Amino acid sequence: MSIVENSLQHGYINTNGVKLHYVTQGTGRLMLMLHGFPEFWYSWRHQIPEFAADFQVVAVDLRGYNDSDKPKEQSAYVMDELIQDVAGVIQGLGHDSCILVGHDWGGAIAWNFAYAHPFMVERLIILNLPHPAKFAQGLSTPQQLLRSWYIFFFQLPWLPELSLQSSDYQAIENILSGTAINKSAFTPADIDAYKDAAAKRGALTAMLNYYRNVFSSFLFQKDWGILEVPILMIWGENDTALGKELTYHTSNYVRHLQIKYIPDCGHWVQQEKPELVNQYIREFLVN
């Protein structure tokens with residue numbers, strides 16, 4: 001992790017009954033970054049130094065991941081708990097609001113947080129995760145159901161954990177570099193970092209518990225209103241898990257929306273095309 005490690009500060013925040021690890025660089029307004037599955041703060045390694053000149057950039061390990069606490073109960077990973085974690089991080093760092101950036105599961109949390117606490121989100125940046133209402137609608141189509149097969153597999157007890165850790169966590173490499181369009185996005189050292197994080201005691205079950213609560217605590221909320229927070233969505237068009245059509249008609253739920261599609265790019269958009277992602281984020285923040 002030498003690409004950014006030497007310039008980062010590590011810290012912990014006790015909030016909502018858990019101790020959360022984060023890395024930070026820079027000073028000023030808070031830019032808070034939330035990673036996805038099966039990642040940790042390191043997935044923002046190309047964004048942290050880019051924006052640290054203008055912001056206090058903080059990339060947190062979500063509960064259950066890497067060096068953050070890993071509660072054993074499945075109920076500890078419902079969306080309400082994850083939202084409270086984010087609020088606790090913002091306040092624990094001495095801020096009232098932030099620019100919130102989320103990818104994959106981090107994007108899901110970011111969407112929900114913006115609805116729950118709109119005054120704590122100055123701007124919202126979502127990478128390859130549709131609006132929750134759009135995802136729920138997408139799961140009614142055979143095409144997206146096929147793409148989302150892993151969600152249903154992850155509902156099983158024990159078998160997903162065994163599958164992910166077999167052959168020295170080969171599945172982690174398959175999920176990341178195996179589905180990337182830009183294969184150079186993940187070096188062997190990068191993959192080892194993700195494997196090491198997943199191998200920490202209790203991590204795999206914690207990570208999977210996000211999915212095991214997905215239907216009860218996230219997808220089928222019915223009272224989505226119009227979100228007033230300015231939003232940028234960045235979407236790698238060749239995402240094997242989430243179809244581009246899930247972004248269509250997002251404006252039905254968002255007042256101020258920009259969408260940037262990136263061709264020849266998969267799900268891991270901020271790692272596969274970091275320069276372009278950083279450019280789009282910077283343009284969004286100055287306009």
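Small disclaimer: the values here were computed from a predicted structure and weren't measured.
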task = Please report the C-alpha distance between D104 and N128 in whole Å, then the side-chain angles of each, then the deciding distance to 0.1 Å, and finally whether the side chain to side chain contact (heavy atoms under 4.5 Å, CB included) criterion is met.
result = CA-CA 6 Å; D104 186 78; N128 275 74; over 6 Å; no
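- Counting only N and O atoms by type, the side chains of Q9 and T24 include no donor and acceptor under 3.5 Å apart.
- When atom types are taken as modelled, the side chain of R63 and the backbone of A76 share a donor-acceptor pair closer than 3.5 angstrom.
- Side chains of N287 and E283: no donor on one and acceptor on the other come within 3.5 Å.
- A distance of 4.0 Å separates CD of Q25 from OG of S7, quoted to the nearest 0.5 Å.
- No side-chain donor-acceptor contact under 3.5 Å links W268 and S43.
- A heavy-atom distance below 4.5 Å is found between the side chains of S177 and I191.
- Interatomic distance, CD1 of I48 versus CG of L8, reported as 5.5 Å (0.5 Å rounding).
- Under a 4.0 Å N-O distance rule, the pair R147/D239 does not qualify as a salt bridge.
- Put simply, the side chain of N16 gets close to the backbone of E81: a donor and an acceptor are under 3.5 Å apart.
- Counting heavy atoms from C-beta outward, T250 and M233 have side chains that approach closer than 4.5 Å.
- Taking the charged nitrogens against the carboxylate oxygens, K183 and E173 have no contact shorter than 4.0 Å, which rules out a salt bridge.
- Note that the CG atom of L62 and the NZ atom of K70 stand 11.5 Å from one another [nearest 0.5 Å].
- There is a path of hydrophobic side-chain contacts, each under 4.5 Å, that joins V269 to F186.
- In summary, the side chains of Y261 and T247 do present a donor paired with an acceptor at a separation below 3.5 Å, with no hydrogens or angles considered.
- When side chains are defined from C-beta on, K260 does not count as touching W235, because their heavy atoms never get closer than 4.5 Å.
- Taking the centre of each ring, Y22 and W41 stay at or above the 6.0 Å mark.
- Interatomic distance, OG of S251 versus NE2 of H249, reported as 8.0 Å (0.5 Å rounding).
- Between I126 and W111, some side-chain heavy-atom pair lies under the 4.5 Å cut-off.
- The shortest side-chain heavy-atom distance between I125 and L100 does not fall under the 4.5 Å cut-off.
- Shown are W105, W44, Y194, Y65; of these, the ring pair (Phe, Tyr, Trp, His ring centres under 6.0 Å) with H35 is made only by Y65.
- With respect to K134 and E245, no salt bridge is recorded, no charged nitrogen being found less than 4.0 Å from a carboxylate O.
- Cluster annotation: I281 is connected to V229 through the hydrophobic network of ILVMFWY side chains, with a link wherever side-chain heavy atoms come within less than 4.5 Å.
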task = Might you work through the salt bridge (charged side-chain N to carboxylate O under 4.0 Å, His left out) test for D54 and R282, ending with a clear yes or no?
result = CA-CA 10 Å; D54 302 299; R282 189 166 293 284; 3.1 Å; yes
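- Under a hydrophobic-cluster definition in which Ile, Leu, Val, Met, Phe, Trp and Tyr are linked whenever side-chain heavy atoms come within less than 4.5 Å, directly or via other members, W149 and L146 are assigned to different clusters.
- Taking all atoms of both residues into account, the shortest heavy-atom contact from P160 to L208 is CB-CD1, 3.8 Å.
- Using a 4.5 Å heavy-atom cutoff, the side chains of I175 and F37 are in contact.
- Residues V101 and Q47 are not in side-chain contact: their nearest non-hydrogen atoms beyond the backbone lie 4.5 Å or more apart.
- Between K200 and D67, at least one side-chain nitrogen of the basic residue sits less than 4.0 Å from a carboxylate oxygen of the acidic one, meeting the salt-bridge criterion.
- Residue Q155 holds its CD atom at 11.5 Å from OH of Y150, rounded to the nearest 0.5 Å.
- Using cut-offs of 30° and 60° on the angle between ring planes, the pair H267 and H103 is tilted.
- Between A197 and A203, the closest heavy-atom pair is O-CB, 3.6 Å.
- Taking the six-membered ring where the residue is Trp, H131 and Y253 present parallel rings, their angle staying beneath 30° rather than reaching 60°.
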key: Full working for side chain to side chain contact (heavy atoms under 4.5 Å, CB included) between V277 and I262   = CA-CA 9 Å; V277 167; I262 301 182; 3.9 Å; yes
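- Between the S148 side chain and the L145 main chain, no donor and acceptor come within less than 3.5 Å of each other.
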task = Carefully, step by step, assess R123 and L232 under the rule side chain to side chain contact (heavy atoms under 4.5 Å, CB included).
result = CA-CA 8 Å; R123 296 201 175 203; L232 169 66; over 6 Å; no
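- In this structure the side chain of I109 reaches within 4.5 angstrom of the side chain of M79, judged on heavy atoms.
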request  = Please report the C-alpha distance between Q271 and E39 in whole Å, then the side-chain angles of each, then the deciding distance to 0.1 Å, and finally whether the side chain to side chain contact (heavy atoms under 4.5 Å, CB included) criterion is met.
outcome  = CA-CA 11 Å; Q271 299 176 81; E39 303 168 284; 2.8 Å; yes
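- When the options K273, Q270, E50 are evaluated for a side chain to side chain contact (heavy atoms under 4.5 Å, CB included) with N278, the one that passes is E50.
- Across all their heavy atoms, L124 and A114 have their closest contact at CD2-CB, 3.9 Å.
- Under the 4.5 Å side-chain heavy-atom criterion for grouping Ile, Leu, Val, Met, Phe, Trp and Tyr, V254 is connected to L129 within one hydrophobic cluster.
- Between F215 and F152, the distance from one ring center to the other falls under 6.0 angstrom.
- A cation-pi contact, defined as under 6.0 Å to the ring centre and within 45° of the axis, is absent between R212 and F154.
- Two different hydrophobic clusters hold V18 and V78 under the rule that ILVMFWY side chains link at heavy-atom gaps under 4.5 Å.
- Using cut-offs of 30° and 60° on the angle between ring planes, the pair Y210 and Y77 is tilted.
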query = Q170 and N174: side chain to side chain donor-acceptor pair (under 3.5 Å), yes or no, with the steps?
reply = CA-CA 6 Å; Q170 180 62 39; N174 295 342; 3.0 Å; yes
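- Using cut-offs of 30° and 60° on the angle between ring planes, the pair F113 and H117 is tilted.
- In summary, the side chains of Q144 and Q137 do not present any donor paired with an acceptor at a separation below 3.5 Å, with no hydrogens or angles considered.
- Note that CD of E73 is 12.0 Å distant from OG1 of T205, once rounded to the nearest 0.5 Å.
- For T15 against D85, the heavy-atom pair with the smallest separation is CG2-O, 4.1 Å.
- Remark: K19 is positioned above the aromatic ring of Y12, its terminal NZ or CZ atom under 6.0 angstrom from the ring centre and at most 45 degrees off the axis.
- Between the side chains of T27 and Q56, no donor N or O sits under 3.5 Å from an acceptor N or O.
- D61 places no side-chain N or O within 3.5 Å of a backbone atom of F40 that could act as its donor or acceptor partner.
- Taking 4.0 Å as the cut-off between side-chain N and carboxylate O, R45 and D190 count as a salt-bridged pair.
- Of all the heavy atoms in D96 and I90, the pair that sits closest is C-CG2, 4.0 Å.
- Residues L242 and P130 approach most closely at CD1-CD, 4.0 Å, considering heavy atoms.
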